[in-house]
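Excluded from the calculations below are hydrogen atoms, water molecules and symmetry mates; all remaining heavy atoms, backbone and side chain alike, are included. Predicted model, so just to flag it, every value in this text is computed and none were measured. To find a chain, count down the sequence lines: A is the first, B the second, and so on, and within it residues start at 1.
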Amino acid sequence: MARTRLITAINDALREEMERDEKVILFGEDVEASIFGDTRGLIDLFGPRRVRNTPISENTLTGMTVGAAASGYRVVLHLMFANFVYTGMDGIANQIARARLMSGAQIDLPITIIASYGGGRANAAQHSDTPFSPVMSLGGIHVLAPSNPADAKGLLKSAIRCNDPVIFFEPGGRGGEIGEVPDEDYLTPIGEAAVLREGKDVTLIGMGSTMRMTIQAADKLDKEGVESTVVDVRSLAPLDEKTLCGAASNTGRVVIVDESRDRCSAASQIAAILADRCFGYLRAPIKRVTTPDCSLPYAPASEKYLLPSIGKVLAAANVVLSTGETR
Amino acid sequence: MARTRLITAINDALREEMERDEKVILFGEDVEASIFGDTRGLIDLFGPRRVRNTPISENTLTGMTVGAAASGYRVVLHLMFANFVYTGMDGIANQIARARLMSGAQIDLPITIIASYGGGRANAAQHSDTPFSPVMSLGGIHVLAPSNPADAKGLLKSAIRCNDPVIFFEPGGRGGEIGEVPDEDYLTPIGEAAVLREGKDVTLIGMGSTMRMTIQAADKLDKEGVESTVVDVRSLAPLDEKTLCGAASNTGRVVIVDESRDRCSAASQIAAILADRCFGYLRAPIKRVTTPDCSLPYAPASEKYLLPSIGKVLAAANVVLSTGETR
Amino acid sequence: MKDNASPDLSQCLDLLRTMYLIRYTEEQLAEDFAAGKTPGGVHLSTGQEAVAAGICAHLTDQDQLASNHRGHGHFIAKGGDPKTLFAEIYGKSEGICRGMGGSMHVADYSKGIIGANGIVGAGLPISTGAALADLLDDDGSFTVCIFGDGASNQGVLQESFNFAALWKLPLLYVCEHNGFCQFSPAETVTAGTISDRAKAFGIPVKVVEEGNDVRAVWNAMAWASEYIRAGNGPAFIEARTYRINNHFEREHLVVQTPYRTREEVEKMRQERDPIIMLRQWMLNENLTDEKVLSAIDKEAARIIQESVAFGEAGTVPPENIGLEYMFAGTYN
Amino acid sequence: MKDNASPDLSQCLDLLRTMYLIRYTEEQLAEDFAAGKTPGGVHLSTGQEAVAAGICAHLTDQDQLASNHRGHGHFIAKGGDPKTLFAEIYGKSEGICRGMGGSMHVADYSKGIIGANGIVGAGLPISTGAALADLLDDDGSFTVCIFGDGASNQGVLQESFNFAALWKLPLLYVCEHNGFCQFSPAETVTAGTISDRAKAFGIPVKVVEEGNDVRAVWNAMAWASEYIRAGNGPAFIEARTYRINNHFEREHLVVQTPYRTREEVEKMRQERDPIIMLRQWMLNENLTDEKVLSAIDKEAARIIQESVAFGEAGTVPPENIGLEYMFAGTYN
Ligand SMILES: Cc1ncc(C[n+]2csc(CCOP(=O)(O)OP(=O)(O)O)c2C)c(N)n1
Ligand SMILES: Cc1ncc(C[n+]2csc(CCOP(=O)(O)OP(=O)(O)O)c2C)c(N)n1
Ligand SMILES: [Mg+2]
Ligand SMILES: [Mg+2]
């Protein structure tokens with residue numbers, strides 16, 4: 001194990017997979033200079049054939065992945081900010097997510113799209129979205145949102161080796177967060193949530209950028225004598241319904257924390273699943289801590305006001321702890 | 001009241017609003033010839049200044065609405081098939097849905113986008129989506145999905161008069177469905193669900209293309225002595241949470257029917273709201289009848305297999321009627 | 001390469017065969033649609049056969065071809081099996097896409113047919129990626145993207161030009177200019193000359209004014225394929241043709257105001273039928289005789305009838321198969 | 001209109017004033033960013049002032065201007081109040097967008113400034129719609145869209161060309177070609193000459209080789225505005241300039257490999273500073289003297305200092321205001 005920054009873990013994953021399989025190619029706008037640091041240095045190691053700076057043409061970039069992947073390459077596209085998912089949406093939604101089905105499974109599409117999401121840095125409305133659900137809703141593409149360096153590395157490696165399309169959502173502005181990362185080659189499986197701790201009183205479910213505050217809220221509750229089960233969703237599509245249901249049923253009291261706008265969020269999807277599959281175990285309303293249905297303003301206090309926070313997680317936890325049936 | 005086809009009601013709404021306000025302009029691909037019939041004849045009445053055939057350029061079409069609307073026009077964009085929402089997504093998501101906020105409310109954006117959605121006609125994966133949630137998740141745009149001619153007319157008129165952006169989802173292939181439409185000028189308010197009938201046993205919530213089967217399921221249940229509360233959501237964003245909660249609480253047993261793919265669907269959002277706000281009234285798991293997370297195949301039986309149906313609604317109703325607590 | 005390169009006799013007969021196959025396919029599908037035999041809609045390419053035939057004559061199975069919503073002809077010309085085409089359009093398991101795609105999505109990756117597409121213009125990014133793969137493979141194969149005049153107004157065309165020009169991608173653009181974008185005459189929605197758009201990126205261009213003359217298309221393609229295979233980067237062919245059929249076979253039900261005259265269509269049918277044009281030329285030049293030509297005609301008709309029978313005899317895909325085809329579910 | 005139209009003395013002094021205002025704004029913001037005074041990032045236009053000044057000198061408040069992520073200069077040149085600009089970038093309620101937009105979204109609709117934009121290329125569709133409104137209004141006003149060389153690779157540029165050419169939209173395209181697309185030198189991501197892309201649609205073009213010569217930009221714009229106001233449809237100006245500043249003010253923290261040399265930047269700063277160039281020319285031509293010029297300089301510096309003070313004195317927007325601004329909530 002080594003203490004590693006999130007962005008370094010991602011960079012390591014890319015490097016290791018490019019070393020492992022020469023069919024892996026990477027392209028995107030300024031992937032050489034690497035604005036976030038995640039693709040830094042790859043051009044020096046793998047050269048301009050496999051690492052390509054591109055023009056600003058998101059619609060072509062997303063669609064291109066299909067042609068290259070169907071021709072036998074393992075394609076990594078760096079889309080920079082997650083708001084550009086919208087800019088290149090046709091390729092993602094109308095092509096990547098359904099080309100295999102439409103072909104009657106003639107082809108595999110080993111495509112990984114990387115995009116950095118989230119607010120809190122006064123990047124204003126066009127550089128701060130958390131567009132999990134527009135991609136989750138497509139069906140034909142896996143959606144990953146790691147919260148820590150080890151998972152980021154393990155999930156990205158799985159994504160690249162996966163013969164199906166994956167979008168890898170990188171939590172924006174958290175490249176510096178540090179965690180222990182195994183030294184050996186490892187994969188974090190797609191489709192598995194992680195139960196970070198088990199406690200009998202309340203279940204806190206977080207994902208990606210909200211995981212840290214979720215854990216911190218659990219720590220606070222712990223000090224007050226409230227024991228939390230804490231789940232990191234990690235894979236938003238496919239969702240690990242079994243683990244989520246198990247964790248929710250343990251306590252019957254659930255708070256889901258997701259930076260997406262509330263409407264049709266990952267949090268809402270999880271709540272819907274629980275309200276169906278674990279209904280009998282629920283003891284209190286399922287609470288969602290999400291961003292209200294609003295784009296993020298520039299002014300920091302106005303932006304912060306809308307985003308999930310430890311305080312909001314605790315407030316929601318207190319509601320579910322104090323309402324509903326007792327055990 | 002007059003018996004009117006759905007597509008005629010929509011055409012009437014467009015004509016009446018264009019007559020009422022000469023600032024209303026309409027453009028889109030082949031809006032003159034009108035592939036669905038909804039814009040038929042408008043070119044003859046209002047001429048080529050106000051009714052414009054456009055090139056195939058969805059990204060520009062959606063973005064253009066912002067420039068024209070901010071300049072004082074009331075813009076109607078016909079996008080043809082709802083899958084082209086993805087093709088023109090940047091304009092919708094990064095511009096239309098947030099331009100007002102980013103400007104500090106300097107401008108209003110009276111924009112109406114019309115798109116025809118849904119499967120069941122072997123149109124294959126790229127012409128059959130029900131992309132409610134990618135637009136619902138944006139926050140800054142109202143989302144309407146009428147199920148009958150009267151609501152279609154009333155909601156479209158409201159959309160055009162609304163000083164905010166609206167997407168109007170037209171149920172594909174149902175233009176011929178007939179209903180009573182008031183003779184006088186009327187508006188159907190945005191943000192209000194309609195309770196179509198009240199019954200004490202189960203609450204069936206439908207929207208747009210699934211409303212008909214929802215009503216038919218209710219009729220069948222009625223014959224078996226099961227009384228349904230039936231709700232037509234109509235406005236997917238904003239959602240009429242009050243009416244939905246009231247209708248759900250009446251029976252405590254809820255089935256939500258939505259043609260979207262399940263993940264992050266409108267159905268999931270409604271389920272999440274109910275699991276939070278009406279928890280104490282729920283007597284059974286909340287069931288969703290949606291399309292599995294898969295694009296629609298061409299082969300009719302394989303397509304049909306995935307889509308909601310009366311049978312699936314009844315099966316879900318029977319589950320919620322037979323599980324959970326009795327009253 | 002000589003500018004007057006011309007197909008020899010056997011090549012001409014192959015071109016004729018291909019055009020007949022396409023023609024009979026489309027005529028059959030028009031009937032099938034009218035009879036309710038195709039579950040979904042079809043966009044037919046009757047009258048445009050020369051483009052598909054002339055272009056694909058220069059391609060191998062290693063070369064790739066991306067097509068559009070009007071893709072039956074491209075599929076057949078590129079070597080796709082009409083049997084699997086009919087089975088597909090009839091929605092059968094034996095279809096090339098196992099009934100999952102239908103008319104707008106026919107693809108046979110084993111033949112380098114990387115897909116018709118229901119999104120106008122979407123073949124352009126896809127073939128840009130395919131051509132990138134060709135470049136990396138460096139095996140002399142290249143990718144062709146066929147698209148319509150209407151598709152030319154999708155910005156991805158110019159985005160793709162830019163990639164192809166910058167990276168010298170082995171990519172051929174073929175604009176099948178049939179004069180209409182759905183129900184809009186081209187000049188009402190398309191400014192300027194489409195091939196000029198390619199020139200702005202330094203991409204060399206050939207405009208085939210008579211795109212129904214399969215020999216002219218063949219000739220332009222001889223130039224383009226030689227140019228691209230030599231590693232020079234992308235090229236562009238604009239072929240002027242005409243759509244004899246409706247835009248789609250439901251058209252008469254939905255379009256109430258005519259966007260072209262019956263006379264215009266009739267004139268085209270009579271004067272610019274690519275099959276008649278090629279036959280006539282061969283006879284005039286005394287290259288062959290009616291007997292040979294008619295044998296090709298009959299043989300094509302027979303193949304299509306067999307294909308129809310194959311399609312009809314096909315089985316309905318298992319209802320629940322869609323979800324299975326979504327993902328490979330495998331890892332490398 | 002004469003090809004050698006040239007700004008007169010008072011116009012030159014106005015141009016100088018505008019360029020000073022922009023320069024001092026950007027220099028101030030560079031300091032502010034370094035000092036942590038701007039909540040978000042900033043893209044500065046130091047060295048590119050001539051384009052903003054020369055273009056906007058020909059515009060009225062009725063004319064509209066859509067800009068990009070590097071939009072402070074365009075805002076000021078088009079008549080935006082630096083006070084509300086600073087307040088905006090400081091995230092204050094008194095900001096032109098009430099602190100909701102920040103640097104990348106400055107807009108003043110009352111002045112026809114229809115918005116900077118954080119999505120590269122997005123100004124193009126928006127200004128196409130604005131120009132459609134101009135066409136319908138038919139009041140002689142027109143719309144300008146300023147975008148970078150990098151933005152030229154977004155397909156919406158050509159989509160917009162097509163609309164503008166077809167509908168004769170009163171729309172001026174201004175490509176502010178500063179040689180870089182973020183950290184990529186233009187030639188590595190942009191094929192051919194951008195203005196050729198406009199020509200393909202029949203749109204007339206002026207390339208200003210020395211886009212740091214404000215008089216040259218002014219001259220091109222005199223032509224373009226006269227051409228467009230006369231109802232001829234769209235026009236295109238490509239102005240070659242150079243970005244002296246970082247791409248954004250965080251650049252040195254994220255970019256480890258230099259994409260240009262210090263010497264190149266230094267040379268540009270010394271030899272092609274648009275402010276120095278204009279001053280020098282006026283003095284050489286004996287049109288004015290140091291005193292007049294220095295008064296303009298000082299006046300601009302004072303205005304910006306006042307603007308900074310205004311911004312600093314501004315109030316923080318109510319936390320919960322975002323939701324309120326989302327929708328008008330009204331009906332017609
Ligand atoms: C993105 C998108 N927009 C619109 C359509 C609807 N549509 C199908 S074919 C067509 C016209 C295409 O014209 P062209 O490219 O010239 O091809 P042609 O039909 O003439 O062969 C249109 C608008 C579509 N399928 N996809
Ligand atoms: C759709 C989109 N893609 C990428 C970016 C990131 N980005 C911001 S500025 C920029 C470069 C723009 O270059 P250019 O248009 O030449 O303008 P300049 O910065 O040189 O003024 C890029 C890639 C973005 N903001 N939007
Ligand atoms: Mg055409
Ligand atoms: Mg630039």
Side-chain angles (χ1 to χ4, degrees), chain B residues 17 20-21 23-25 27 49-50 52-75 77 88 90-91 93-95 97-111 139-142 158 160-165 187 189-190 238, chain D residues 64 66 88 93 95-102 104-110 112 114-119 121-138 143 145 154-160 162-163 166-167 317 321-332:
Chain B
E17 292 308 304
R20 178 176 183 270
D21 181 352
K23 285 288 189 183
V24 178
I25 59 174
F27 53 78
R49 277 184 80 254
R50 293 178 65 195
R52 289 174 180 262
N53 273 1
T54 69
I56 315 180
S57 310
E58 282 81 5
N59 277 301
T60 293
L61 287 172
T62 54
M64 269 176 71
T65 64
V66 172
S71 295
Y73 287 86
R74 207 159 275 279
V75 181
L77 164 62
D90 188 71
N94 278 323
Q95 313 302 333
R98 57 194 93 203
R100 188 173 199 276
L101 170 78
M102 295 189 303
S103 80
Q106 288 181 58
I107 46 167
D108 291 348
L109 293 172
I111 296 167
I141 174 164
H142 299 323
S158 289
I160 295 172
R161 294 192 201 175
C162 180
N163 290 325
D164 294 305
L187 300 176
I190 294 172
Chain D
Q64 305 189 75
E88 184 61 29
S93 275
I96 186 64
C97 302
R98 308 196 201 181
M100 298 295 105
M104 271 197 294
H105 304 287
V106 290
D108 184 345
Y109 286 82
S110 74
I114 62 175
N117 210 301
I119 300 297
L124 289 154
I126 292 173
S127 49
T128 308
L132 173 60
D134 292 333
L135 182 80
L136 295 173
D137 290 345
D138 196 20
T143 296
C145 184
Q154 290 285 35
V156 285
L157 176 63
Q158 286 86 353
E159 291 185 359
S160 176
N162 192 43
F163 278 89
L166 285 168
W167 294 353
I321 202 71
L323 283 161
E324 231 173 78
Y325 288 152
M326 283 291 278
F327 291 115
T330 56
Y331 287 80
N332 190 35

Within the 4.5 Å heavy-atom criterion, are D/Y331 and B/L187 side-chain neighbours or not? no
With side chains defined as the heavy atoms from C-beta onward, is the minimum distance between D/N117 and B/M102 less than 4.5 Å? no
In chain order, what residues pass the side-chain contact (heavy atoms from CB on, under 4.5 Å) check against B/R20, with sequence neighbours excluded?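 Testing B/R20 for side-chain contact (heavy atoms from CB on, under 4.5 Å), a comparison that skips the adjacent residues, returns B/E17, B/R161, D/N332.
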Evaluate side-chain contact (heavy atoms from CB on, under 4.5 Å) for B/Y73 paired with D/L132, printing each intermediate quantity in order. CA-CA 10 Å; B/Y73 287 86; D/L132 173 60; over 6 Å; no
What closest approach, in Å, do [X] and [Y] show between heavy atoms, and which atom pair accounts for it?
X: B/L101; Y: D/M326; value: CB-SD, 4.0 Å
X: B/Q95; Y: D/A122; value: NE2-CB, 3.0 Å
X: B/R49; Y: D/L136; value: NH2-O, 2.8 Å
X: D/Y109; Y: B/A70; value: CE2-CB, 3.9 Å
X: D/S160; Y: B/T60; value: N-OG1, 4.1 Å
X: B/D164; Y: D/A328; value: OD1-N, 2.6 Å

What part of D/Q64 gets closer than 4.5 Å to chain B, counting heavy atoms only: side chain, backbone, both or neither?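 Just the side chain, heavy atoms under 4.5 Å.
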Part of D/S127 lying under 4.5 Å from any heavy atom of chain B: neither
Which region of [X], side chain (C-beta onward) or backbone (N, CA, C, O), has a non-hydrogen atom less than 4.5 Å from a non-hydrogen atom of chain D, or is it both or neither?
X: B/A97; result: backbone
X: B/I25; result: side chain
X: B/R50; result: neither

Tell me, out of [options], who's got the most heavy-atom pairs with chain D below 4.5 Å.
options: B/V75, B/L109, B/N94; answer: B/N94
options: B/G72, B/G104, B/G91, B/P165; answer: B/G104
options: B/G140, B/S57, B/A105, B/A69; answer: B/S57
options: B/I190, B/I107, B/I160; answer: B/I107

I need the residue from D/I321, D/L124, D/L323, D/D137 with the largest number of non-hydrogen atom pairs under 4.5 Å to chain B.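 The answer is D/D137.
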Heavy-atom pair count under 4.5 Å with chain B, highest-scoring of D/I96, D/I119, D/T128, D/V156: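 Among the listed options, the one with the most contacts to chain B is D/I119.
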Result block: side-chain N/O donor-acceptor pairs under 3.5 angstrom for residues 61-68 of chain B, not counting sequence neighbours:
{"from": "B/T62", "atom 1": "OG1", "to": "B/E58", "atom 2": "O", "distance (Å)": "3.2"}
{"from": "B/T62", "atom 1": "OG1", "to": "B/N59", "atom 2": "O", "distance (Å)": "3.3"}
{"from": "B/T62", "atom 1": "OG1", "to": "B/G88", "atom 2": "O", "distance (Å)": "2.9"}
{"from": "B/T65", "atom 1": "OG1", "to": "B/T62", "atom 2": "O", "distance (Å)": "2.6"}

Value rounded to 0.5 Å, distance of OG in B/S103 from CE in D/M100: 10.5 Å
Trace of the side-chain contact (heavy atoms from CB on, under 4.5 Å) decision for D/D108 with B/Q106: CA-CA 8 Å; D/D108 184 345; B/Q106 288 181 58; 4.1 Å; yes
